[in-house]
Each structure stands twice: as C-alpha cells, then as structure tokens.
Q: 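Quick one: this structure, given as structure tokens, is what I'll be asking you about.
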Amino acid sequence: MSNLALLREETQRAAAAGARLVAFPEAAMACFGTRLGPIAEPLDGPWATEVRQIAKDAGLVVVAGMFTPAPDGRVTNTLLATGPGVETSYDKIHLYDAFGFAESKTVAPGSEVVTFDLDGVRIGLATCYDVRFPELFRAHADAGAVVSLLPASWGAGPGKREQWELLTRARALDATVWLAAVGQADPEASGLTAATSAPTGIGHSALIGPDGTVRERLDAGPGLLVGEVDTEEVTAVRRTVSVLANRRLGGQS
C-alpha cells in the first residue's frame, strides 16, 4: 500500500500545481523483480479502485502502471487512465525480451492502440519498450492524438540513458506529437540498491515537444515535472515537418 500513499501524495501535489493529468511510471503498482502473478488484480480490484478514488479526490486524471491477470496464467502490463470523464486502460503491446530479460515469460502482450480525450485533447498511451517501435506513436497520431504518454521502468546499463533520450526525442519528432516520457526513478539516486537484475528505472523523465526538443526534464531521482502542452504547436510543426502526410509505407489509407 506504500505505493498508493505515494500516488496520492504526488497526485495532490500535481493538482495543487494546476495539472489536469498526472502520469506515474510503468509498474507503479509493484516494481519488476516482484512476483507479478500474486499481486495482479483486475481493473475493478482494490488497487485500481483506490487509484480511481485518488483521481476523484484530486479532480484530475491519473495514469499509472499496474498488472492485471491474463487468461493464460500470465499477467498483462497495464496502464490505467482514470479521472473526471476518463476511464480506459492500455495493455503493453511490445514486451521487453531484450538485454537478457524476458518479460514475455510472465507477461502477455496487448494488441490494441488506446487513446482518450481530456479537455478536447486526444492522448495516446504507450509503455517503456514500446518506444523502440515508431509505428505505435504514428498510430496515436493517426487516431488524432497530439500527445503520447510513455510511462517506463527503463533498464539500466551502458548506453541505456543515451538510448532513452534518443528514442523519446525521436518518437516525438517522427510522430510530431508532444511526448511525456515518465521514467521510474533510479533507486541508487535515493541511496537504495536494486535487489534484482530486472529493470527498475533510471529516471530522466522529460516533456518533449513535437519538434523533438526537450522542454522540461528531471534527473535520475524522484521528482514532479509540471509542463504545459500547446496543441497549436503540433499543428504548426506538422505543417512544416510533414512526415505523417509524406509517408509512403504504413500510413493511413
């Protein structure tokens, strides 16, 4: 329940700062390296119900990573998006079978592109390893999204921070969307030693504009980043950098 207490505290901080949406990292329910099967709950279970109450009390939309049971005995890596006028979820499509870790052993993949609307702004959902697959973010744009949310628990290692920063900026630019990259903080930045080789985050959350430039960023440690999204900038960038309109492979028909 300690994670729920943290979610409530940070949601209240975000609301006090005037935010309309607050996004938490992938695996906000419990970090990787935990046995996921025993802690997985359905979307109407106690954990999600409490997140809904947190969002209701604060009057804003909360996006948080959790694990839900899958029909085959595995779990799904799920983002819950809930709050005034919003109730949806996204199951991570691309599983992290890379860098010596096999997420698919315990996690079943999702298959649906998910967007939702908040204050007339369409927002797409993606999770961590999804960032290596530009077609998902272009699918957000094709569905009318001007913002993509990317909660993550990025694996540490040589060159991984550089890859995180490169990939998040690239996805914003090649889909011409605002991208909120929400990285779980590095445990070592808080004086903790990760007790697992599973991905536990490196921090470095960022808000990236549709032109690929970083507008706001955090360092490796925990923090609250508050930023403002200008939807008209997406229109202007798409007029100048017409990569979506100029596609010849994989675009909308």
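Fair warning: this is a prediction, and the values are worked out from it, not measured in the lab.
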Q: Working to the nearest 0.5 Å, report the span between CH2 of Trp154 and CG of Leu167.
A: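 Between Trp154 CH2 and Leu167 CG, I get 5.5 Å after rounding to 0.5 Å.
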Q: Do Val63 and Ile208 belong together in a cluster built from hydrophobic side chains that touch within less than 4.5 Å?
A: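 In one cluster with Val63: Ile208, yes.
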Q: Surrounding NZ of Lys56 (heavy atoms of other residues, nucleotides or ligands, distance under 6.0 Å), is the total greater than 12?
A: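 Result for NZ/Lys56: open.
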Q: Closest approach of Asp44 and Thr49, non-hydrogen atoms and distance?
A: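 Nearest heavy atoms, Asp44 then Thr49: O-OG1, 3.5 Å.
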Q: Just how far is it from atom OG1 of Thr88 to atom CG of Leu125, taken to the nearest 0.5 Å?
A: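 With rounding to 0.5 Å, OG1 (Thr88) is 7.0 Å from CG (Leu125).
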Q: With respect to Leu21, which candidate in Val86, Val147, Leu60, Leu149 satisfies the side-chain contact (heavy atoms from CB on, under 4.5 Å) definition?
A: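 Going through Val86, Val147, Leu60, Leu149 one by one, the side-chain contact (heavy atoms from CB on, under 4.5 Å) with Leu21 is satisfied by Leu149 alone.
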Q: Kindly indicate, with the supporting measurements, whether the criterion side chain to side chain donor-acceptor pair (under 3.5 Å) is fulfilled by Thr78 and Thr68.
A: CA-CA 7 Å; Thr78 300; Thr68 57; 2.9 Å; yes
Q: Linking Ile, Leu, Val, Met, Phe, Trp and Tyr by side-chain heavy atoms under 4.5 Å, what else ends up with Leu166?
A: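 Answer for Leu166: none, a lone residue.
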Q: Atom CE in Met29, atom CG in Leu80: separation rounded to 0.5 Å?
A: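 The CG atom of Leu80 is 10.0 Å from CE of Met29, to the nearest 0.5 Å.
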Q: Just how far is it from atom SG of Cys128 to atom CH2 of Trp164, taken to the nearest 0.5 Å?
A: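 Atom-to-atom, Cys128:SG and Trp164:CH2 are 6.5 Å apart.
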Q: Run the side chain to side chain contact (heavy atoms under 4.5 Å, CB included) check on Gln184 and Cys31 step by step: do they pass?
A: CA-CA 9 Å; Gln184 188 152 309; Cys31 67; 4.1 Å; yes
Q: Would you say Asp186's side chain and Gly203's backbone share a donor-acceptor pair under 3.5 angstrom?
A: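 The answer is no, because no donor-acceptor pair under 3.5 Å joins these two groups.
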Q: Hydrophobic cluster membership, with links at side-chain heavy-atom distances under 4.5 Å among I/L/V/M/F/W/Y: are Val114 and Val182 in one?
A: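 Shared cluster, no.
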Q: Any side-chain heavy-atom pair from Pro46 and Glu41 closer than 4.5 angstrom?
A: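 Pro46 vs Glu41: side chains touch.
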Q: Could Glu10 and Arg13 be called an ion pair, given the rule that one side-chain N must be under 4.0 Å from one carboxylate O?
A: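 Yes, Glu10 and Arg13 are salt-bridged.
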Q: If you look at every heavy atom in Leu173 and Val243, which pair is closest and at what distance?
A: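 Leu173 and Val243 have their closest heavy atoms at O-CG2, 4.1 Å.
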Q: Are any of the side-chain nitrogens in Arg247 or Asp142 under 4.0 Å away from the carboxylate oxygens of its partner?
A: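 Looking at Arg247 and Asp142, the cut-off is met.
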Q: Per the ring pair (Phe, Tyr, Trp, His ring centres under 6.0 Å) rule, what does the pair list look like for residues 59-93, sequence neighbours excluded?
A: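 Sorted result for residues 59-93: Phe32-Phe67.
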Q: For Ser153 and Pro199, indicate whether the former's side chain and the latter's backbone hold a donor-acceptor pair under 3.5 Å.
A: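 Checking the backbone N and O of Pro199 against the side chain of Ser153, a donor-acceptor pair under 3.5 Å is found.
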Q: Can Val51 be reached from Val22 by stepping across I, L, V, M, F, W or Y side chains whose heavy atoms are under 4.5 Å apart?
A: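 Yes, one cluster joins them.
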Q: Using 30° and 60° as the class boundaries, would you call the ring planes of Phe99 and Tyr96 parallel, tilted or perpendicular?
A: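 Judged by the thresholds at 30° and 60°, the geometry between Phe99 and Tyr96 is parallel.
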Q: Less than 4.0 Å between a side-chain N and a carboxylate O, is that true for Glu165 and Arg161?
A: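 A salt bridge is present here (some side-chain N lies under 4.0 Å from a carboxylate O).
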Q: Quick check, are the ring centers of Phe133 and His94 under 6.0 angstrom apart?
A: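 Yes; His94 has its ring centre under 6.0 Å from that of Phe133.
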Q: Would you name the heavy atoms of Val234 and Trp178 that are closest together and state the gap between them?
A: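 That closest heavy-atom pairing would be CG2-CD1, 3.5 Å.
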Q: Using the rule that Ile, Leu, Val, Met, Phe, Trp and Tyr join whenever any side-chain heavy atoms are under 4.5 Å apart, tell me whether Leu118 and Phe24 fall into a single cluster.
A: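 The answer is no; the residues belong to distinct hydrophobic clusters.
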Q: Starting at CD1 of Ile123, measure out to OG1 of Thr115 and round the result to the nearest 0.5 Å.
A: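 One gets 9.5 Å once the value is rounded to the nearest 0.5 Å.
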Q: Quick one: pull up CG in Asp211 and OG1 in Thr240 and give me the separation to the nearest 0.5 Å.
A: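 With rounding to 0.5 Å, CG (Asp211) is 10.0 Å from OG1 (Thr240).
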Q: Side chain to side chain donor-acceptor pair (under 3.5 Å): which pairs involve residues 221-230, sequence neighbours left out?
A: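 Residue pairs with at least one partner in residues 221-230: there are none.
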Q: As a test of understanding, state which of Leu43, Ile39, Leu79 forms a side-chain contact (heavy atoms from CB on, under 4.5 Å) with Met66.
A: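 With Met66 as partner, Leu43, Ile39, Leu79 yield a single side-chain contact (heavy atoms from CB on, under 4.5 Å), made by Leu43.
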Q: Taking all non-hydrogen atoms of both residues, which atom of Pro109 and which atom of Arg74 are closest, and how far apart?
A: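 Of all heavy-atom pairs spanning Pro109 and Arg74, the closest is CD-NH2, 4.1 Å.
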Q: Do you know the tightest heavy-atom contact between Asn3 and Ala28?
A: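 Here Asn3 and Ala28 meet closest at ND2-O, 2.7 Å.
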Q: So, does Asn246 use its side chain to make a donor-acceptor pair with the main chain of Ser242 at under 3.5 Å?
A: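 Yes, the answer is positive, given that a donor and an acceptor are paired below the 3.5 Å cut-off.
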Q: Using side-chain heavy atoms (C-beta onward) and a distance below 4.5 Å, is Arg217 in contact with Ser205?
A: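 Of all side-chain heavy-atom pairs linking Ser205 with Arg217, none is under 4.5 Å.
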Q: Out of curiosity, does Leu136 fall in the hydrophobic cluster containing Leu95 (side-chain heavy atoms, cut-off under 4.5 Å, transitive links)?
A: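 No, no single cluster joins them.
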Q: If you take all heavy atoms of Ala70 and Ala108, which pair is closest and at what distance?
A: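 Heavy atoms of Ala70 and Ala108 come nearest at CB-CB, 3.9 Å.
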Q: Counting C-beta onward and ignoring hydrogens, is there a side-chain heavy-atom pair between Val177 and Ser148 closer than 4.5 Å?
A: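 Yes, close enough: below the 4.5 Å cut-off.
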Q: Filter on side chain to side chain donor-acceptor pair (under 3.5 Å), then keep only pairs touching residues 14-37, sequence neighbours left out; what's left?
A: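 Matches after skipping sequence neighbours: Arg20-Asp119, Glu26-Asn77, Glu26-Lys92.
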Q: Does anything in residues 57-66 form a salt bridge (charged side-chain N to carboxylate O under 4.0 Å, His left out)? List the pairs, not counting sequence neighbours.
A: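 Matches after skipping sequence neighbours: Arg8-Asp57.
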Q: Could you go through the side chain to side chain contact (heavy atoms under 4.5 Å, CB included) check for Leu244 and Arg138 one step at a time?
A: CA-CA 8 Å; Leu244 296 176; Arg138 290 176 177 143; 4.1 Å; yes
Q: Any donor and acceptor pair, going by atom type alone, linking the side chain of Arg122 with main-chain N or O of Asp117 inside 3.5 Å?
A: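 It does not hold such a pair.
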Q: Restricting to pairs with a member in residues 233-244, which pass salt bridge (charged side-chain N to carboxylate O under 4.0 Å, His left out), not counting sequence neighbours?
A: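 Listed once each, the pairs are Arg215-Glu233.
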